[in-house]
Amino acid sequence: MNRLSPAIAAEAPPYDVERVRADFPVLSRVVHERKGKPGRPLVYLDSGASAQKPRQVIDAMVRFMEEDYANIHRGVHVLSQRATDAFEGVRDKVAAFLNAPSRDTIVFTGNATDAINLVAATYGRAFLEAGDEVVLSIMEHHANIVPWQLLQAEKGIVLKVVPVDDDGVLDMDAYAALLGPRTKLVAMTHCSNVLGTVTPARQIVRLARERGIPVLLDGSQAVVHGRVDVQDLDVDFYVFTAHKLYGPTGLGVLYAKYEHLKRMPPYRGGGDMIQSVSFSGTTFKEPPMRFEAGTPPIVEGIGLGAAIDYVEALGRDAIALHEHDLLNYATQQLSQIDGLRIIGTAPGKAAIISFTVEGVHPHDLGTVVDQYGVAVRVGQHCAEPLMDRFGIGSTARASFALYNTRAEVDALVDSVRAVKEFFGA
Amino acid sequence: MNRLSPAIAAEAPPYDVERVRADFPVLSRVVHERKGKPGRPLVYLDSGASAQKPRQVIDAMVRFMEEDYANIHRGVHVLSQRATDAFEGVRDKVAAFLNAPSRDTIVFTGNATDAINLVAATYGRAFLEAGDEVVLSIMEHHANIVPWQLLQAEKGIVLKVVPVDDDGVLDMDAYAALLGPRTKLVAMTHCSNVLGTVTPARQIVRLARERGIPVLLDGSQAVVHGRVDVQDLDVDFYVFTAHKLYGPTGLGVLYAKYEHLKRMPPYRGGGDMIQSVSFSGTTFKEPPMRFEAGTPPIVEGIGLGAAIDYVEALGRDAIALHEHDLLNYATQQLSQIDGLRIIGTAPGKAAIISFTVEGVHPHDLGTVVDQYGVAVRVGQHCAEPLMDRFGIGSTARASFALYNTRAEVDALVDSVRAVKEFFGA
Amino acid sequence: MMDELRELYQEVILDHGKNPRNLRHPADANREARGENPMCGDKFTVYLTVNDAGLVEDCAFEGRGCAISTASASMMTELVRGKTQDEARTLFHTFHDLCTKDEEHHHDHGPVDEDTMEKLMVLSGVRQFPVRVKCATLAWHAMNAAIAGEAKASSE
Amino acid sequence: MMDELRELYQEVILDHGKNPRNLRHPADANREARGENPMCGDKFTVYLTVNDAGLVEDCAFEGRGCAISTASASMMTELVRGKTQDEARTLFHTFHDLCTKDEEHHHDHGPVDEDTMEKLMVLSGVRQFPVRVKCATLAWHAMNAAIAGEAKASSE
Ligand SMILES: Cc1ncc(COP(=O)(O)O)c(C=O)c1O
Ligand SMILES: Cc1ncc(COP(=O)(O)O)c(C=O)c1O
């Protein structure tokens with residue numbers, strides 16, 4: 001993610017959030033309607049868990065299923081050709097989205113979790129040995145912890161954990177110090193789903209590359225909040241998940257340098273990833289097909305293509321600017337609430353705010369603000385080690401997306417005040 | 001799959017295929033329209049590769065994305081609760097569809113391939129050792145071959161292959177003879193995607209169970225063409241894929257006896273499958289959650305639920321009866337074409353017809369009939385060993401679904417005749 | 001909407017949530033079990049002192065969670081104390097039904113006195129908030145596990 | 001629609017498809033490479049006899065596929081024979097462009113005589129049938145691999 005330069009900001013057309021909201025059917029929903037009671041307009045501040053889908057994405061999936069659907073890669077008939085072209089076209093689109101050097105570096109998976117497991121199960125299992133070290137951070141999502149722990153249990157690799165300071169800033173000195181002769185991989189978040197911290201990806205990669213260590217970045221949150229250029233980052237593996245990018249569930253993306261893909265053994269076995277099958281010996285296709293076994297999430301691919309088109313049309317810088325404004329405003333408004341503590345105050349962070357309120361458990365807070373129509377996530381956010389680091393069991397988290405408004409920030413703030421009143425906190 | 005009893009046939013309401021067709025938007029499509037030329041109505045005979053989706057499935061997915069979408073399992077807000085209830089409700093529906101003893105025996109995966117890989121990578125890797133034997137058949141889909149070959153390469157297990165006779169009937173004597181003291185698993189198709197052969201699943205399971213050997217059945221084709229009762233079959237693992245059952249891409253199902261799931265180590269690591277994560281030790285959830293890492297194919301789950309409702313509403317026996325009629329009619333009509341050879345003539349087979357035409361390569365046939373609007377699959381159908389068994393490189397395959405008609409069979413037959421004329425064969 | 005919230009967070013619950021009773025580790029406890037809710041990170045340990053006659057002489061807990069789970073744990077310790085193991089089990093199953101099932105599906109798990117039943121009813125306001133049911137039943141599962149001699153509540 | 005089919009299956013293709021030329025394994029072949037199309041199962045082996053001066057003295061093939069791939073292999077053997085290795089490579093790249101790229105994206109890979117070009121054009125009718133491009137280029141990839149000294153065509 002590049003920082004926004006003021007030049008870009010000045011050139012940006014005015015961002016019409018109301019027009020944007022009209023693209024998302026669910027945003028006009030009223031919740032908690034009950035016999036005779038009017039209910040509350042939905043204030044959706046849980047896009048960090050999963051983003052809502054614009055009409056354009058839904059329509060693209062519907063149109064595809066109504067007009068061009070067929071299984072791909074194996075058919076000579078017209079629908080299969082059209083479906084194959086459409087799906088493989090999305091591979092080009094994803095490559096362009098990440099500025100990947102070639103479409104063959106893009107592997108489709110089930111979600112971001114699956115993409116990281118792919119790397120652990122193929123690259124990790126093939127090239128890491130007992131005693132080899134994988135460096136990750138204390139703020140990783142479980143998706144970027146547990147696959148390495150499974151490898152640890154199987155192969156005896158060692159996990160090294162980079163700490164964060166009290167603001168949630170990655171300790172780069174500690175990071176540099178942890179890189180050693182046994183370090184065989186760095187697996188690090190590009191943006192924390194709890195703290196909003198954007199990690200200094202270029203520096204992370206540079207330090208590792210100087211020592212010949214490959215780097216995987218978990219971009220599940222990062223691609224949503226800013227521009228990503230895998231060539232500029234010179235990163236080895238980059239992972240994200242479609243459903244957080246306003247796209248469908250059931251689809252993730254792994255970018256990997258072709259030189260790695262080329263060496264990696266297969267992940268799952270089955271149709272579409274083979275060159276030739278016989279009981280005396282089976283051969284596999286070249287990447288990326290080698291890693292895509294069976295019928296892929298075809299319709300979901302079409303949806304992701306539409307989602308990328310959608311954010312590109314709005315403009316990724318414009319989106320970042322809009323979210324930045326929401327982040328600033330929300331930070332300022334929430335900070336005025338007594339007893340409210342924001343967890344994660346790194347400079348340049350993404351539009352994610354985790355917080356606690358003294359005297360109120362996040363879970364109770366979540367239930368009460370929900371009654372006001374405000375959807376925030378409460379809990380550990382799949383980042384238990386980070387919770388332990390901050391000595392808390394859980395937080396409430398508001399995450400902002402391209403369709404949120406300042407009025408929704410106000411609704412959040414009002415509902416948190418109501419919570420405090422309700423619990424006398 | 002139970003054979004249809006005449007009693008059921010007599011009671012069945014008349015099957016209104018035109019009303020059914022109206023549910024599938026794509027079926028009214030015209031293909032190969034070109035400047036001034038009218039094009040041909042689509043004759044979709046490739047449902048064995050992937051089935052088209054009824055309006056009911058598409059609508060359910062759209063409605064869910066427009067009204068109730070959120071990430072599941074982790075939210076206290078109303079959308080997350082509704083989404084969780086809807087998605088988990090599908091688990092109940094799938095359990096009922098297979099007559100599974102409990103919802104906890106249903107694991108969602110990415111597709112059927114993923115489901116078989118799950119069993120190979122967890123059950124197989126944990127409980128099979130060098131020299132242990134897995135028995136499968138010569139007519140397996142690559143999805144039920146390659147995962148076992150990967151395990152073979154890793155652990156030195158041995159694959160034993162049950163042959164078929166010239167009709168494509170599984171050689172049950174050979175099967176019984178192959179079951180030995182080292183046999184640790186039987187992995188067998190319940191219905192061949194090439195031959196249409198329905199394997200005698202109860203007998204397969206019974207023979208194995210007498211020797212204490214667990215059985216996996218690949219039901220990817222079987223669930224589409226008939227009723228499946230996993231308890232009646234007493235099968236250990238049962239696998240299918242949503243997109244062939246008129247449901248969405250990106251979703252597969254594994255049924256497994258709970259006693260197995262309970263013992264199986266995790267598959268992929270990540271969020272949602274853990275009980276507690278820390279760098280000093282992570283614990284996993286109970287099945288089925290242990291096997292579902294990260295954000296699942298949520299919207300796809302909703303679609304599968306609607307697909308199951310759809311086939312149940314039409315009546316699975318009524319569908320089977322309709323397909324049976326198409327199969328008989330097509331077999332009879334195609335058989336009248338000189339030089340046409342049907343590969344797969346097992347009694348009681350499902351509505352799938354593979355064939356070759358003397359003097360015409362299937363690939364050329366596919367291209368020509370496509371120009372007539374007829375979509376058949378040509379190639380190896382991900383079953384290369386079976387092709388070798390029949391001494392052919394590939395076949396053309398027409399597969400029939402609940403929406404096909406006798407008129408479409410006629411269109412197929414006419415187009416094949418045109419092929420012969422075209423190539424002077 | 002505040003009606004539903006008041007239904008869930010009745011005064012007695014807010015009180016027990018803020019000032020939990022029996023939040024301690026009894027030195028003579030001879031049974032204990034942990035319960036945890038992976039969604040919110042709440043963790044409780046429930047301690048029982050069961051005498052030779054099978055009477056629960058003491059019941060206490062450690063850990064902290066949301067208002068619902070804390071209040072439920074606190075009230076539970078008061079309800080279980082002085083009951084036999086069988087009666088405690090009855091309470092667990094009765095309460096579980098109250099929280100998770102429509103009335104027509106409630107089973108008769110054994111007699112529960114009126115006063116206790118009233119308290120269970122208060123806690124079962126959670127039924128209107130399905131996602132909070134795990135909070136309300138967390139300590140109860142642990143208690144039930146402790147009686148069964150398990151170290152960990154099996155349900156989540 | 002039959003127009004397009006006739007465009008793809010021109011008489012010369014149907015002829016070469018049915019009666020492939022140079023379908024044999026030359027005893028003096030000193031280069032060979034396999035090519036296979038996993039979609040349809042077609043497999044070809046292409047044999048070259050290259051002399052010290054780099055001239056392709058003989059070109060032949062074994063294996064069988066669809067009319068398109070067989071005809072393409074057959075016609076290729078005739079076109080490549082008597083050409084230098086460099087010329088054969090030029091033919092491959094020129095043909096590949098014809099089959100896969102719009103005219104404005106064709107590169108100049110070297111001179112191709114008119115007669116040969118005409119035959120390549122006939123084969124490149126496959127451009128209208130993208131899914132058949134692999135058939136038309138299968139043997140060519142193998143030929144190109146054989147020249148490069150590889151045992152297997154790398155592209156699919
Ligand atoms: C018998 C059989 N098994 C497995 C599969 C694999 O299904 P999927 O590609 O959805 O994983 C298929 C379909 O391709 C099949 O027909
Ligand atoms: C930083 C981060 N990594 C990984 C994931 C996992 O994504 P998924 O659940 O789609 O696999 C998430 C979201 O849950 C995330 O926020």
Side-chain angles (χ1 to χ4, degrees), chain A residues 25-26 29 31-32 46 49-50 52-53 58 62 65-67 69-71 74-79 110-114 117 142-143 145-147 149-150 159 161 243 248-250 268-271 274 276-279 282 293-295 297-300 366-367 370 375 377-379 382 384-385, chain B residues 25-26 29 31-32 46 49-50 52-53 58 62 65-67 69-71 74-79 110-111 113-114 117 142-143 145-147 149-150 159 161 243 248-251 268-271 274 276-279 282 293-295 297-300 366-367 370 375 377-379 382 384-385:
Chain A
V26 76
R29 198 183 192 295
V31 295
H32 293 306
D46 195 20
S50 198
Q52 298 297 342
K53 322 303 172 203
I58 299 171
V62 169
M65 286 193 275
E66 289 186 356
E67 294 175 13
Y69 180 76
N71 211 330
R74 298 176 228 156
V76 296
H77 60 76
V78 62
L79 289 194
N111 51 24
T113 305
D114 190 29
N117 277 273
H142 292 166
I145 298 174
V146 188
Q149 292 187 318
L150 294 180
L159 304 188
V161 185
H243 68 90
T249 47
R268 293 182 282 252
I274 56 86
S276 171
V277 171
S278 90
F279 285 107
T282 286
T295 305
I298 305 172
V299 180
E300 292 64 31
T367 294
D370 173 56
R377 184 121 312 207
V378 298
C382 294
E384 206 174 334
Chain B
V26 77
R29 197 182 192 297
V31 294
H32 293 304
D46 194 21
S50 197
Q52 297 297 341
K53 322 304 173 202
I58 299 172
V62 169
M65 286 193 274
E66 289 186 355
E67 294 176 12
Y69 181 76
N71 211 330
R74 300 174 226 155
V76 297
H77 60 76
V78 61
L79 290 193
N111 51 24
T113 305
D114 190 30
N117 277 274
H142 292 166
I145 298 175
V146 187
Q149 291 187 320
L150 294 180
L159 304 188
V161 184
H243 68 91
T249 47
L251 180 61
R268 292 183 283 252
I274 56 87
S276 172
V277 172
S278 91
F279 285 107
T282 286
T295 304
I298 305 172
V299 179
E300 292 65 32
T367 293
D370 173 56
R377 185 122 311 210
V378 297
C382 293
E384 206 173 334

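In this text the structure is predicted, and so the values were computed from the model without any measurement. First the proteins, then the strands, lettered A, B, ... as listed; each starts at 1.
- Interface summary for chain B: among A/Ala143, A/Ala293, A/Gly110, the most heavy-atom pairs under 4.5 angstrom belong to A/Ala293.
- Closest approach of B/Pro385 to A/Ser278, counting heavy atoms only: CG-CA, 4.3 Å.
- In terms of heavy-atom proximity, B/His77 sits nearest to A/Asp46 at NE2-OD2, 2.8 Å.
- Counting heavy-atom pairs closer than 4.5 Å to chain B, the top residue among A/Gly379, A/Gly366, A/Pro248, A/Pro147 is A/Pro147.
- With a threshold of 4.5 angstrom between heavy atoms, B/Ile298 approaches chain A through its backbone and through its side chain.
- Side chain of B/Glu66 to main chain of A/Pro25: no donor-acceptor pair is present (N/O by atom type, distance under 3.5 Å, no hydrogens or angles).
- Heavy-atom pairs under 4.5 Å with chain B were tallied for A/Arg377, A/Met65, A/Lys53; the largest tally goes to A/Arg377.
- For the residue pair A/Glu300 and B/Thr249, a side-chain donor N or O sits within less than 3.5 Å of a side-chain acceptor on the partner.
- Panel note: side chain A/His32, backbone A/Asp370; a donor-acceptor pair is recorded below 3.5 Å.
- Each of A/Asn117, A/Leu150, A/Val161, A/Val78 has some count of heavy-atom pairs under 4.5 Å with chain B, and the biggest count is that of A/Asn117.
- Proximity to chain A is limited to the side chain of B/Arg29, based on heavy atoms less than 4.5 angstrom apart.
- Using a 4.5 Å cut-off between heavy atoms, A/Gln149 touches chain B through its side chain atoms alone.
- Looking only at side-chain heavy atoms (C-beta outward), A/Asn71 and B/His243 come within less than 4.5 Å of each other.
- Ranked by heavy-atom pairs shorter than 4.5 Å toward chain A, the options B/Leu251, B/Thr282, B/Thr295 are led by B/Thr295.
- Considering only heavy-atom pairs separated by less than 4.5 Å from chain A, the leading option among B/Val62, B/Ile274, B/Leu79 is B/Leu79.
- Comparing B/Leu159, B/Ile145, B/Val31 by how many heavy-atom pairs each has under 4.5 Å with chain A, the most go to B/Ile145.
- If you tally non-hydrogen atom pairs under 4.5 Å between each of B/Cys382, B/Gly294, B/Gly271, B/Gly270 and chain A, the highest count goes to B/Gly270.
- Judged as a side-chain hydrogen bond (donor to acceptor under 3.5 Å, both in side chains), and not counting sequence neighbours, A/Asn111 has no contacts.
- Between A/Val277 and B/Val146 the shortest side-chain heavy-atom distance falls below 4.5 Å.
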